[in-house]
Amino acid sequence: MEADLARRALGDFIKTQREQTPPSQAGLPHLALGGRRRTPGLRREEVAQLCGISVTWYTWIEQGRTDSVSPQALARIAEALQLPRAKRAYLFELAGKKDPVLPEQQGSDHVAPEVLETVRHFRAPAYLLDRYWNAVTWNAPARKLFTGWLDVRSGHPNLLLFMFASAAAQALTVDWEQRARRVVAEFRADCASLLDDPEVQALVEELSAASALFKRAWHLQDVVEREGGERRFRHPQQGELRYRQVNFRVANRPDLKLVTLMPDV
């Protein structure tokens with residue numbers, strides 16, 4: 001989208017949301033700042049006051065006259081207008097900015113039962129990973145395939161720890177070292193916004209201590225998308241197995257990844 005059009009679209013969106021936000025919803029009296037209201041929504045000066053910014057600058061934002069809106073200012077506007085998740089994401093998409101509040105911090109970590117049930121209904125191996133690559137749930141074919149990982153009773157087993165700290169992973173994965181290096185690059189791409197997260201830092205430290213390969217690969221700072229493709233395994237009971245990996249994101253929980261392994265026939 002062209003810059004001028006993007007600024008106007010952002011301003012128009014903020015304006016319509018302001019006009020649809022009742023003062024009571026924003027914690028303001030119906031006749032805030034004196035005078036009679038012409039519309040049921042908030043006034044520009046009220047939103048500016050709630051956000052801690054000048055009325056002039058806020059007016060420029062609505063009029064599409066400035067492109068210097070910081071992510072923090074947009075976050076305050078979103079909070080003042082109490083935008084739900086979808087509208088908040090749309091606001092930052094229009095602005096071309098990254099939301100300083102991660103999507104997973106805006107809501108509960110609860111996973112809908114129907115999502116969990118969907119994973120179990122796949123006939124091919126399937127598993128669901130959280131943002132730290134812990135397995136949230138998996139189906140019976142995945143448990144049967146991943147000996148030493150999903151068949152172990154350890155709560156939410158971590159894929160990275162299995163890959164780098166388990167001899168079973170090396171025996172199971174064909175071309176393990178090449179695949180392991182790619183896994184590191186995929187994880188780095190996945191957690192780009194979480195590098196200062198204490199849990200990510202602790203996981204990286206644990207993996208670095210457990211695996212020299214992980215430590216070297218992590219410091220290379222290679223980045224690739226988790227795009228799927230061919231996966232080959234050497235299973236102790238099932239022998240040589242070949243799959244095509246297909247990945248999905250859960251619509252209302254973008255921090256969750258559904259990984260499926262379709263038999264490559």
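The shown structure was predicted, so the numbers you read here are calculated from the model rather than taken from an experiment.
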Please walk me through it: do Asn247 and Leu258 pass side chain to side chain contact (heavy atoms under 4.5 Å, CB included)? CA-CA 6 Å; Asn247 305 319; Leu258 171 59; over 6 Å; no

For the side chain of Gln20 and the backbone of Thr16, is there at least one donor-acceptor N/O pair under 3.5 Å apart? yes

Backbone of Val246 reached by a side-chain donor or acceptor of Thr260 within 3.5 Å: yes

What about Phe187 and Leu195, same hydrophobic cluster or not, with Ile/Leu/Val/Met/Phe/Trp/Tyr joined at side-chain heavy-atom distances under 4.5 Å? yes

Answer yes or no: is there a donor N or O on one side and an acceptor on the other, between the side chain of Asn139 and the main chain of Ala126, under 3.5 Å? yes

If we ignore angles and hydrogens, is there a donor and acceptor under 3.5 Å between the side chains of Ser68 and Thr66? yes

Is Leu203 close to Leu161 at the side-chain level, that is, under 4.5 Å between some pair of heavy atoms? yes

Any chance you could measure Gln17, atom CD, to Ile14, atom CD1, to the nearest 0.5 Å? 9.5 Å

Side-chain heavy atoms nearer than 4.5 Å, only ILVMFWY residues, links allowed to pass through others: does that put Phe248 and Val115 together? yes

Residues pairing under salt bridge (charged side-chain N to carboxylate O under 4.0 Å, His left out) where one sits in residues 242-252, two or more places apart or in two chains, turn out to be Asp190-Arg249, Glu230-Arg242

Just how far is it from atom CG of Asp264 to atom CD of Gln245, taken to the nearest 0.5 Å? 12.5 Å

List the atom of Leu241, the atom of Leu145, and the distance in Å for their closest heavy-atom pair. CD1-CD1, 3.7 Å

Is it true that Leu220 and Leu213 fall in one hydrophobic cluster, defined by side-chain heavy atoms closer than 4.5 Å? no

Shortest non-hydrogen contact from Val119 toward Trp138: CG1-CA, 4.0 Å

Assess the residue pair Lys257 and Glu186 against the criterion (salt bridge (Lys or Arg N to Asp or Glu O under 4.0 Å)); give the C-alpha distance rounded to whole Å, side-chain angles, the decisive distance to 0.1 Å, and a yes or no. CA-CA 12 Å; Lys257 294 170 289 296; Glu186 291 173 349; over 6 Å; no

Let me confirm one number: the CG-NZ distance from Leu74 to Lys97, rounded to the nearest 0.5 Å. 7.5 Å

For Phe162, the ring-ring contact (aromatic ring centres under 6.0 Å, His included) test, sequence neighbours excluded, returns Trp149

Got a donor-acceptor contact below 3.5 angstrom from the Arg65 side chain to the Trp60 backbone? no

Just verifying a value: how many Å separate Ile61 CD1 and Lys15 NZ, rounded to the nearest 0.5 Å? 14.5 Å

Between Glu240 and Arg234, is there a salt bridge with N-O shorter than 4.0 Å? yes

Among all residues two or more places apart in sequence or in another chain, which pass the side-chain contact (heavy atoms from CB on, under 4.5 Å) test with Ala75? Glu79, Arg88, Phe92, Pro100

Would Val184 and Asp222 count as a side chain to side chain contact (heavy atoms under 4.5 Å, CB included) here? Give the steps. CA-CA 8 Å; Val184 177; Asp222 194 14; over 6 Å; no

Interatomic distance, CD@Glu117 vs OG1@Thr137, rounded to 0.5 Å, equals 9.0 Å

Pro71 and Asp99, any side-chain heavy atoms less than 4.5 Å apart: no

Between the side chain of Arg18 and the main-chain N/O of Leu42, is any donor-acceptor distance below 3.5 Å? yes

Walk me through whether Leu129 and Val136 qualify under side chain to side chain contact (heavy atoms under 4.5 Å, CB included). CA-CA 6 Å; Leu129 297 178; Val136 177; over 6 Å; no

Trp176: ring-ring contact (aromatic ring centres under 6.0 Å, His included) partners, not counting sequence neighbours: none

Between Gly64 and Arg7, the two heavy atoms sitting closest are O-NE, 3.3 Å

At their closest point, which heavy atom of Cys51 faces which heavy atom of Ala80, and how far apart are they? SG-CB, 3.8 Å

If you count every heavy atom of other residues, nucleotides or ligands that lies below 6.0 Å from Lys215 atom NZ, does the total exceed 12? no

According to the salt bridge (charged side-chain N to carboxylate O under 4.0 Å, His left out) rule, which pairs have a member within residues 162-177, sequence neighbours left out? Asp175-Arg232, Glu177-Arg181

Spell out, as yes or no, whether a donor-acceptor pair under 3.5 Å connects the side chain of Ser211 to the backbone of Leu207. no

Examine distances only and state if a side-chain atom of Asn158 and a backbone atom of Tyr132 form a donor-acceptor pair shorter than 3.5 Å. yes

If a pair satisfies salt bridge (charged side-chain N to carboxylate O under 4.0 Å, His left out) and one of its residues is in residues 136-150, list it, with sequence neighbours excluded. none

How long is the straight-line distance from CZ of Phe13 back to CD of Glu93, given to the nearest 0.5 Å? 11.5 Å

With no hydrogens and no angle check, is any side-chain donor or acceptor of Asp12 less than 3.5 Å from a backbone partner on Ala9? no

Tell me if the CH2 atom of Trp57 is crowded by more than 12 foreign heavy atoms within 6.0 Å. yes

Side chain to side chain contact (heavy atoms under 4.5 Å, CB included) between Ile77 and Gln72: does it pass, once the steps are laid out? CA-CA 9 Å; Ile77 291 173; Gln72 290 72 25; over 6 Å; no

Taking side chain as C-beta onward, heavy atoms only, is Arg188 less than 4.5 Å from Trp218? yes

Atom of Tyr58, atom of Ile53 and distance for their closest heavy-atom approach: CB-CD1, 3.9 Å

Gln201, CD atom: more than 12 neighbouring heavy atoms under 6.0 Å: yes

Smallest heavy-atom separation, Ala165 atom then Ala210 atom, equals CB-CB, 4.2 Å

